[in-house]
Amino acid sequence: MSRSFPLHTVRNIGIMAHIDAGKTTTTERMLYYTGKTHRIGEVDEGTATMDWMEQEQERGITITSAATTCEWRGHHINIIDTPGHVDFTVEVERSLRVLDGAIAIFCSVGGVEPQSETVWRQADKYAIPRIAYVNKLDRVGADFDWVVDSIREKLGANAVPVQIPIGIEDNFKGMVDLVKMKAIVYLDETGEKYNYFDIPPELRDVSMEKRENLVAAAGEIDDEVMELYLEGKYIPEELLKRAVRKGCLSFSIVPVFCGSSFKNKGVQPLLDGIVDYLPSPLDVPPIKGIDPKTGEEIVRKADDDEPFSALAFKVVADPYMGRLVYYRVYSGSIKSGSYVYNSTKRKKERVSRILRMHANKREEIKEAYTGSIVATPGFKLTVTGDTLCDEKHPILLEVMKFPEPVISVSIEPRSKGDQDKLDGALASLMEEDPTFRVRVDKETGQTIVSGMGELHLEIITDRLQREFKVNTRVGKPKVAYKESIKKVGEAEGKFVRQSGGRGQYGDVYLRLEPLGIDKDFEFVSEIKSGAIPKEYVPAIEKGIKDAMTSGVLRGYPVTGVRAVVYDGSFHEVDSSDIAFEIAASIAFKEAMKKASPIIIEPIMLLEIVVPGQYLGDVTGDINSRRGKVIEISHRQNIMVIRAEVPLSEMFGYATTLRSLTQGRGNYTMQFSHYSEVPRDLLEKIR
């Protein structure tokens, strides 16, 4: 079976934005206008194709990234619609890891919001070319130029409009295409009928000015465009498109589109933008990995004739298919019924079926080629971040890194008979979500689950009941405190057990140094003249790491420490790895007590949007929560407060804010950094 569409016509793109900017609404229109669906789904009505989970439909938000496929102008577009809520930022992270391009959507009233900045940085991290789409131009307070300026100022991007709106708010009718220099006007409410007209007289001057800016930006990229520009000649449409595409792929230009997806205006030209400006797998650098046997770097080009390589980026517990693994094929091809090699686990997996996903629906295909984003049921070992490849040509792709959880709750089944069911359900959810963690508290025997925020854990407990049929009792949220040190501390750790026959002997001198609470851990060996044989150094490091799981103040994990082993002694017969592990653990605990140990807490970046009359009440409440207001700014007729507040003070804040603002205020919150807990509050922490 041969490829049904050439590789240069493939587009793997993500839709990313702050919550409520219109990602899912835009995706729904894309599916409708490309003929993938036959009716337009609405987020507010719970009928959106991409928001298929019950929790998404009830809350009107995207919780899990959903993949789909459509075709436009002979191009095959794989789309991943990602969540906007910060608690589910891992979904954006792992989606961007396997995508080639992205559409960043901005609300024409909200502009660049906190999660907009987060997803933009994530796209920078993975070097993802992107186009911008200013949505909701029909809303009161919409301001296209202000949003473009805020993209430039806050994100440092060279945002260059390729369209400008015709009308604004209630009068929004369409847009001027600055490449064609034509007006696009919509003729019906469904957005299916639209036409190109001459630019209205009142917009000609501003259109010429904006096109001049577009041509100047394109001229910086393309010499031919610059030559024609300097000669005052007209730049043909195809030449200008080519230059803008080149600028987009090289991160020199971010083309800006505009529209109102909810009012069905602007989506078809945005689809044109995907085809015209975003990359195919051939336009991005070849994927790099290492040979698992030799450690040497390997490069795999985007080519069906190359050896097969793919990255698993998502695991889902599907109610009908069981365990479903999503993966992106970077090179080569794969057939159903064949075997692949998981180079991360060093085991083979059977490809029973290959599925092309459309949200929670699926289409079975016989073969997947380079550039495909597909899923396979039945993989037993493969998890998020694993590399799949040809066993004869193994490769190990770069692993994915995820943020640490910041909030925990205890959870237990309502009946003893449900314990096994709960354990299995939690294991499935952990496989799906790398930011969700489960552990058993050694002292209390309680099961503790950790996640990225209150909403994250609320969704988890809701899914346990609905999907896995486990009724649970959930404790109060707990903050993920950590321990660190403020000064240098030294100690000896000695472990000796000698009572006839072979004993145990380990002796370690350890120095702990503050590394900074934003850092994790460093281990240094300064052993000289064979005081401790080299073969015991890894055991010392392991003993220190084990001891770091429980600090000396309240038993929280330790971070921000450099551990230097500088002396010690050993016994020719009795010394062993386990003896040095225990000795290192003892030394660590004693040295930490001498190093001014502190407890540190997660500080959240809070952005609150409120009408001006409530500003005093809201800032006063922030101060009462040990918060620090960083910035207060105007956005249209409302006030925007940016503040840093300890997570421990933020539980139940949504209710308080509603009360203070008569339901008119809203906020977003994301992790910022760790900071020392004031001494007078230490007694409250248990």
Side-chain angles (χ1 to χ4, degrees), residues 2-3 5-14 75-78 80 93-102 122-130 221 245-252 277-314 325-335 338-349 351 354 367-374 376 379 381-402:
S2 61
R3 171 187 281 282
F5 41 85
L7 191 54
H8 73 269
T9 66
V10 173
R11 299 287 184 274
N12 289 317
I13 64 146
H75 285 67
H76 187 85
I77 304 172
N78 294 315
I80 297 184
E93 182 87 16
R94 61 180 172 187
S95 298
L96 287 174
R97 173 67 175 80
V98 297
L99 292 171
D100 301 323
Q122 287 172 311
D124 283 341
K125 174 180 168 184
Y126 292 114
I128 305 289
R130 66 217 82 148
I221 311 298
R245 177 180 177 79
K246 202 185 294 184
C248 183
L249 299 189
S250 63
F251 311 101
S252 309
Y277 303 127
L278 288 179
S280 77
L282 295 170
D283 296 315
V284 295
I287 193 75
K288 291 180 181 177
I290 59 166
D291 186 321
K293 294 175 183 171
T294 65
E296 292 177 7
E297 186 177 90
I298 305 173
V299 175
R300 289 276 160 83
K301 290 183 288 188
D303 190 329
D304 294 339
D305 294 328
E306 286 268 293
F308 172 73
S309 67
L311 184 74
F313 68 95
K314 186 176 168 72
V325 176
Y326 287 69
Y327 51 98
R328 154 78 189 264
V329 180
Y330 282 103
S331 64
S333 61
I334 183 173
K335 292 181 179 178
S338 62
Y339 284 85
V340 291
Y341 182 62
N342 182 328
S343 56
T344 310
K345 299 287 195 305
R346 304 197 173 193
K347 299 281 184 183
K348 284 205 296 187
E349 295 261 41
V351 184
I354 302 174
E367 193 165 359
Y369 299 91
T370 300
S372 299
I373 293 177
V374 291
T376 288
F379 283 163
L381 303 167
T382 304
V383 296
T384 299
D386 283 2
T387 302
L388 303 172
C389 59
D390 180 343
E391 189 175 12
K392 293 177 183 173
H393 304 90
I395 186 173
L396 193 58
L397 303 178
E398 185 184 351
V399 296
M400 300 161 81
K401 294 184 175 68
F402 301 107

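- Evaluated for a side-chain contact (heavy atoms from CB on, under 4.5 Å) with I298, the options I287, I290, D291 yield exactly one hit, D291.
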### Task
Quick one: do V98 and N12 satisfy side chain to side chain contact (heavy atoms under 4.5 Å, CB included)? Show the steps, please.
CA-CA 8 Å; V98 297; N12 289 317; over 6 Å; no
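- A donor-acceptor distance shorter than 3.5 angstrom exists from the side chain of D304 to the backbone of T370, with no hydrogens or angles considered.
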Exercise answer: donor-acceptor pairs, residues 388-402 side-chain atoms, under 3.5 Å, sequence neighbours excluded:
unit_1, atom_1, unit_2, atom_2, d
D390, OD1, K392, N, 2.9
D390, OD2, H393, ND1, 3.4

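- Nearest heavy-atom pair, N78 versus G371, reported as atom, atom and distance to 0.1 Å: ND2-O, 3.6 Å.
- Here the straight-line distance linking atom CZ of F313 with atom CZ of R94 works out to 8.5 Å at 0.5 Å rounding.
- Between atom CZ of residue F251 and atom CG of residue D124 there is a gap of 8.0 Å, rounded to the nearest 0.5 Å.
- Between the E349 side chain and the T382 main chain, a donor and an acceptor come within less than 3.5 Å of each other.
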### Message
Applying side chain to side chain contact (heavy atoms under 4.5 Å, CB included) to Y330 and R300, what does each step give before you reach the verdict?
### Response
CA-CA 8 Å; Y330 282 103; R300 289 276 160 83; 5.9 Å; no
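- Under the side-chain hydrogen bond (donor to acceptor under 3.5 Å, both in side chains) criterion, R11 pairs with no residue at all, not counting sequence neighbours.
- Taking every heavy atom of both residues into account, L99 and I128 meet most closely at O-CD1, 3.2 Å.
- A127 approaches P129 most closely through the heavy-atom pair O-CD, 3.4 Å.
- Between the side chain of S372 and the backbone N or O of V374 there is no donor-acceptor pair closer than 3.5 Å.
- Atom CZ of F308 sits about 8.5 Å away from atom OG of S333, to the nearest 0.5 Å.
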### Task
Check the pair R328, R97 against side chain to side chain contact (heavy atoms under 4.5 Å, CB included), reporting the backbone distance first and the verdict last.
CA-CA 10 Å; R328 154 78 189 264; R97 173 67 175 80; over 6 Å; no
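- The shortest heavy-atom contact between S331 and S309 is OG-OG, 2.7 Å.
- For the pair V329 and Y369, the minimum side-chain heavy-atom distance is 4.5 Å or more.
- The distance from atom CG of L96 to atom CD1 of I80, rounded to the nearest 0.5 Å, is 8.5 Å.
- By the neighbour-count criterion of 12 heavy atoms within 6.0 Å, atom NZ of K301 is sparsely surrounded, having that number or fewer from other residues, nucleotides or ligands.
- The neighbour count for Y339 OH, taken as heavy atoms of other residues, nucleotides or ligands under 6.0 Å away, does not exceed 12.
- A heavy-atom distance below 4.5 Å is not found between the side chains of S280 and D100.
- Closest of all the heavy-atom pairs between V299 and P286 is CG1-CB, 3.5 Å.
- When every heavy atom of V325 is checked against every heavy atom of A312, the shortest pair comes out as CG1-CB, 3.8 Å.
- The OH atom of Y277 sits 14.0 Å away from atom NZ of K246, with the distance rounded to the nearest 0.5 Å.
- Using a 4.5 Å heavy-atom cutoff, the side chains of S338 and E367 are not in contact.
- Looking at heavy atoms from C-beta onward, F379 lies in side-chain contact with V340 at the 4.5 angstrom threshold.
- Within the model, atoms NZ of K345 and OG1 of T387 stand 10.0 Å from one another, a figure rounded to the nearest 0.5 Å.
- Looking at heavy atoms from C-beta onward, I373 lies out of side-chain contact with K314 at the 4.5 angstrom threshold.
- Using a cut-off of 4.0 Å between Lys/Arg side-chain N and Asp/Glu carboxylate O, D386 and K347 are scored as not salt-bridged.
- Under a 3.5 Å cut-off, the side chain of R245 and the backbone N or O of L278 do form a donor-acceptor pair.
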